[in-house]
Amino acid sequence: MGFFIFNNKTHNIFRKEDNNMAYEHTAIENKWQKYWQDNKTFKAILDTSKPKYYALDMFPYPSGQGLHVGHPEGYTATDAVSRMHRMQGFNVLHPMGWDAFGLPAEQYALKTGNNPKDFTNKNIQVFKKQIQSLGFSYDWDREVNTTDPKFYKWTQWIFEQLYKKGLAYEDKIMVNWAPDFMGGTVVANEEVIDGKTERGGYPVYRKPMRQWVLKITEYADRLVDDLDDLDWPESIKEQQRNWVGRSTGASVFFNVDGHEDAKVEVFTTRPDTLFGAAYIVLAPEHELVEQITIADQADSIKKYQDEVSRRSDLERTDLNKDKSGVFTGAYGINPVNGEKLPIWIGDYVLASYGTGAIMAVPAHDERDWEFAKKFGLNIKPVIEGGNVEEAPYIGDGAHINSDFLDGEQKAEAISEMIVWLEEHQAGEKKVNYRLRDWIFSRQRYWGEPIPVIHWEDGETTLVPENELPLQLPDTNDLEPSGTGESPLANIDDWVNVVDENGRKGKRETNTMPQWAGSSWYWLRYTDPDNDMELASQEALKYWSPVDLYVGGAEHAVLHLLYARFWHKVLYDLGVVPTKEPFQKLVNQGMILGENHEKMSKSKGNVVNPDDIVNQYGADTLRLYEMFMGPLEESVPWGEKGLHGSYKWIQRIWRLMVDEDGKLRDEVTSDNDGKLDKIYNQTVKKVTDDFDRMHFNTGISQLMVFVNEAYKADKLPVEYMQGLVKMISPIMPHVSEELWSFFKISDTIAYQTWPTFDESKLVEDEVEMVIQINGKVKGHLKVSKDLGKEEIKKLALANEKVQETIDGKDIRKLIVIPGKIVNIVI
RNA sequence: GCCGCUGUGGCGGAAUUGGCAGACGCGCUGGACUCAAAAUCCAGUUCCUUCACGGGAGUGUGGGUUCGACCCCCACCGGCGGCACCA
């Protein structure tokens, strides 16, 4: 215990009367937030002489609920990375904005007769204030807002480019029609859960409707292949691959017996099992059904089709695993052996995937096997192994009953069959995708208007580029159209247009989905005020790509896939310089309630960040969220842990500041060397851990250093400055305040990140472990350069070792210099 | 059902290349300071056993590879997330 502790004790006596100089989080945080704002400390300026770093958060939807403690977790992580990079000499772009189109604002407006714009702007103000109270180093001059016409001008511009490239088209397609939802609207597949709308839980029906669709399928291969070069979590890449669902196989053509003009095309990933095909199944909606059905079966087929069309998706999949189907009476000819195969229809074959028709190989496919068992169809094995009467055999094996494929294994048989099919014009190699084109229109007011005009003569044109943005009309009187169109259909002034020749037309009343703005917003941050381009080439070249993108895993597929798609289209147009938008992606985990359950109002376990900031301060909240566990994991909130973080900040404060509010006398330029090793170790570990976003372990190393510093008599000023710098990415306010004691610079934000001296880390003596049969029996302090033989001798001479060996034979002796000796007896 | 992740003290979590399991924090226990409490500082804290010295067990379970396994391999069990008749 050094005199420093003693010193502290004596001062404690006076603390009761005078604790003015204690850590005052509110005053400090207000002071520095104002300083940063007034001085535009974090303004990012394009400067090609410096290396850039682009750290991005997924921008939030500014809901009326305000900020949740989950938000600051990811934000603090990117903020810490940004602050550290600034200190390491990078030119950092760290922006924030608002994904502000969306359903709640429109619902609110419909209910209350207000304008969604005002409501949204109010929510943004609340969100912004809350976010600013946490001290993030955003460049607020680059704030974007998807609902701002200056922003959505370019969303519309991108739509027009898609249209010109043939990637946006209108189609009458089956959509998810939710008549009870907001006066009737269409929702995307991904917004339907168990036959109900994701929000509100209204029933959803299939209905054909005119929709705008984006041809994302054209990019399917690139969306899969380009994942390989990205530094993303494997789970997210896997989800995207599954979503695109690329599968390689073959198309096989079956002629229909007695119908010269009819041909059934099936898709299969197992063309090698063609000799085992027992029957063919068409989706009930398949276009050939009517043509080939024989008169006797027509009634039952019709009845079945009606039945199926009334079934919801829920009944077709989840609830009904029982196979159903009806025989058409027609037969297909197996091209490889001329066998006649009965053609059935059944709803286990989906019209939307592949060709809507399959060849059934019941011996080697579970679904086909169930169907065949139920309807007593032939089950013929073509691969050895298993008993196909008992269960389908899915594994690999030698082919049998397969003519020229007999004896071959799966992979070989597949390629040989494809060669045969192509030679005989009976089929071809084929790649299929699960991914469907992206339904891009919504029947809503509060979204970007689709810049299209439908003229009375049937022509469809884009709104000319120089007339963009096509603004949403202001209105306080939103009415559901009731027809399935958006409320815009009621606003005659806006909908009806006349061109210079007197031709009449109507504007497209569909608007874009919420995904539109978020599919390109990160580009706008690079040059947010540009009226001529979505961003200048110079800015895009300098700042692209996003180096670090942090957000929740709930956007694993939709947002991140749509964003990649748009980015690739813009890349093809020469607008952006990189193939992919986000080089590194990190998903922060969820913050759970204290009861380990997801935070929700109904469970009463929601923590409001405002309360934490008031009681403990933003630095404590930031520290706690970074210390509570690995960023990627879901971790439960704990009030006790939060309090511990608060105490640690005060402990640092007291380490350096005395009761008179001055730097302690122990902080000195006189270095007695006692903290050399731990300090250099700390710089090394913290730099490394923060770099890898392992904040919890980096912070723990800083705690170790502080604990050591408390035991030291002298606190070298250089080390104290280094400490303040190292905590500044996590706790920026208190760091600025402590930094100001050194009177070096006004702000710590651009001070140089500490470096470590490697020579201070190596010790002349190392402690080695002596094990006997893998169990630790003793330790050995030796010179780090000592040779194996000497170590061996010393180890064997150890008293404890002698005792344990007790004259037994040594069977083996392993020496790893500097680490371990293991004696096997 | 399939795919991915995950399982370590009372709790959150460490262990970077296969080399002393449990860093750091919370909680708890004890001590110092105080009339007292709070705060602070110091020390201890995986479990079982022992007054103690010591001994034994131990990273979801069972096996394997290795001088040595939280770490690698095989099988199984539990938790979380995703997909789900995708041919």
Side-chain angles (χ1 to χ4, degrees), chain A residues 1 4-6 8-13 15-16 19 22 233-239 241-243 245 247 249 266-270 273 281 316-318 320-321 323 346-350 352-361 365-368 370-371 432-435 553-554 556-557 589-590 596 624 627-630 632-645 647-648 650-651 654 685 688-689 692 694 696-704 707 710-711 767-779 811-816 818-825:
Chain A
M1 214 184 273
F4 167 52
I5 298 307
F6 170 76
N8 196 23
K9 276 182 201 163
T10 51
H11 276 288
N12 269 343
I13 295 164
R15 280 203 60 191
K16 266 174 285 178
N19 59 1
E234 200 44 51
S235 64
I236 302 284
K237 291 190 187 182
E238 202 52 35
Q239 279 184 59
R241 288 189 194 106
N242 291 340
W243 193 264
S247 63
V266 308
F267 174 71
T268 177
T269 55
R270 296 297 303 275
T273 61
V281 188
R316 259 181 95 151
T317 58
D318 274 25
N320 194 357
K321 291 285 182 188
K323 296 283 178 293
D347 71 349
Y348 84 96
V349 174
L350 308 175
S352 58
Y353 184 77
T355 59
I358 61 151
M359 63 178 217
V361 185
D365 181 282
E366 203 162 332
R367 297 147 304 176
D368 296 344
E370 281 171 26
F371 191 86
N432 239 308
Y433 305 91
R434 200 189 79 110
L435 183 70
E554 66 273 20
V557 180
M590 237 184 318
H596 288 63
Y624 176 60
F627 184 60
M628 63 198 289
E632 299 85 351
E633 302 292 323
S634 289
V635 185
W637 184 263
E639 192 69 26
K640 287 274 171 51
L642 181 75
H643 189 73
S645 295
K647 285 199 301 186
W648 189 59
Q650 296 180 77
R651 189 168 155 86
R654 281 192 308 270
K685 182 158 174 62
D688 199 46
D689 282 352
R692 294 182 303 154
H694 292 190
N696 54 333
T697 51
I699 291 165
S700 103
Q701 180 65 36
L702 286 162
M703 288 174 171
V704 171
N707 290 346
Y710 260 86
K711 290 169 194 160
E767 187 163 77
M768 289 184 58
V769 178
I770 308 172
Q771 295 183 335
I772 291 179
N773 290 344
K775 294 211 161 111
V776 180
K777 290 292 169 188
H779 294 92
R811 301 223 317 262
K812 200 159 185 176
L813 211 159
I814 287 113
V815 179
I816 312 288
K819 282 196 170 160
I820 207 161
V821 179
N822 194 7
I823 302 163
V824 187
I825 55 173

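Each chain gets a letter, A, B and so on, in the order the sequences are listed, and its residues count up from 1. Any value given below was found using the heavy atoms of this structure, including those in side chains, with hydrogens, waters and symmetry copies removed.
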Rounded to whole Å, how long is the line connecting atom [atom1] of [X] with atom [atom2] of [N]?
| X | N | atom1 | atom2 | answer |
| --- | --- | --- | --- | --- |
| Ile820(A) | U17(B) | CD1 | C1' | 14 Å |
| Ile236(A) | G4(B) | CD1 | C1' | 10 Å |
| Tyr710(A) | A43(B) | OH | P | 13 Å |
| Asp347(A) | A84(B) | CG | P | 17 Å |
| Leu813(A) | C67(B) | CG | P | 14 Å |

Using the [atom1] atoms only, state how far [M] lies from [N], rounded to an integer number of Å.
| N | M | atom1 | answer |
| --- | --- | --- | --- |
| G22(B) | U45(B) | P | 11 Å |
| C11(B) | C83(B) | C1' | 34 Å |
| G30(B) | G78(B) | P | 42 Å |
| G79(B) | C71(B) | P | 22 Å |
| U61(B) | C70(B) | C1' | 15 Å |
| U6(B) | C73(B) | P | 12 Å |
| U8(B) | C24(B) | C1' | 15 Å |
| G1(B) | G12(B) | P | 29 Å |

Exercise. What is the nucleic acid contact for Ser247(A), judged by heavy atoms within less than 4.0 Å: base, sugar-phosphate only, or nothing?
Worked result: sugar-phosphate
With sequence neighbours excluded, what pairs up with [X] under the side-chain contact (heavy atoms from CB on, under 4.5 Å) test?
| X | result |
| --- | --- |
| Phe267(A) | Ser247(A), Thr269(A), Tyr353(A), Lys430(A), Asn432(A) |
| Val635(A) | Met628(A), Glu633(A) |
| Glu632(A) | Val586(A), Pro630(A) |
| Thr355(A) | Glu265(A), Ala357(A) |

Exercise. On RNA chain B, nearest-nucleotide positions of Asp368(A) versus Lys812(A): which is more 5'?
Worked result: Lys812(A)
For this session: Identify, between Asn242(A) and Asp688(A), the residue whose nearest nucleotide on RNA chain B lies closer to the 5' end.
Result: Asn242(A)
Taking the side chain of [X] as heavy atoms from C-beta outward, which of [options] is closest to it?
| X | options | value |
| --- | --- | --- |
| Asn707(A) | C24(B), A87(B), C42(B) | C24(B) |
| Arg654(A) | G27(B), C3(B), C41(B) | C41(B) |
| Met703(A) | G25(B), A87(B), C26(B) | G25(B) |
| Arg434(A) | G19(B), A21(B), A84(B) | A84(B) |
| Ile358(A) | G19(B), A87(B), C42(B) | A87(B) |
| Trp243(A) | C41(B), C83(B), A87(B) | C83(B) |
| Asn822(A) | A21(B), G68(B), G4(B) | G68(B) |
| Gln239(A) | C42(B), C85(B), G82(B) | G82(B) |
| Ile816(A) | A87(B), G19(B), C24(B) | G19(B) |

Exercise. Can you list the residues that meet the salt bridge (charged side-chain N to carboxylate O under 4.0 Å, His left out) rule with Asp689(A), with sequence neighbours excluded?
Worked result: Lys685(A), Arg692(A)
Problem set entry | Pairing residues for Glu238(A) by the salt bridge (charged side-chain N to carboxylate O under 4.0 Å, His left out) criterion, not counting sequence neighbours |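 Arg241(A).
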Problem set entry | Partner residues of Trp637(A) under the ring-ring contact (aromatic ring centres under 6.0 Å, His included) criterion, sequence neighbours left out |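 ring-ring contact (aromatic ring centres under 6.0 Å, His included) check on Trp637(A) returns Tyr624(A).
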Problem set entry | Anti or syn - G4(B), cut at 90° from 0 | anti
Each nucleotide N or O in nucleotides 12-15 of chain B that has a protein N or O under 3.5 Å away: list the pair and distance.
from, atom 1, to, atom 2, distance (Å)
G12(B), O2', Met628(A), O, 2.6
G13(B), O3', Asn696(A), ND2, 3.4
A14(B), OP1, Asn696(A), ND2, 3.1

Exercise. When you measure from the centre of the six-membered ring of Tyr348(A), is the NZ or CZ of Lys323(A) under 6.0 Å away and within 45° of the axis?
Worked result: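 Judged by the rule (NZ or CZ under 6.0 Å from the ring centre, within 45° of its axis), Lys323(A) counts as positioned above Tyr348(A).
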For this session: Would you please enumerate the stems RNA chain B participates in, each stem being three or more consecutive Watson-Crick or G-U wobble pairs with both distances under 3.5 Å?
Result: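 Consecutive-pair runs (3 or more) involving RNA chain B: B:1-7 with B:77-83, B:10-12 with B:24-26, B:27-32 with B:40-45, B:46-49 with B:54-57, B:60-64 with B:72-76.
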Seminar exercise, completed: dist Gln771(A):CD -> Ile823(A):CD1 (nearest 0.5 Å) comes out at 9.5 Å
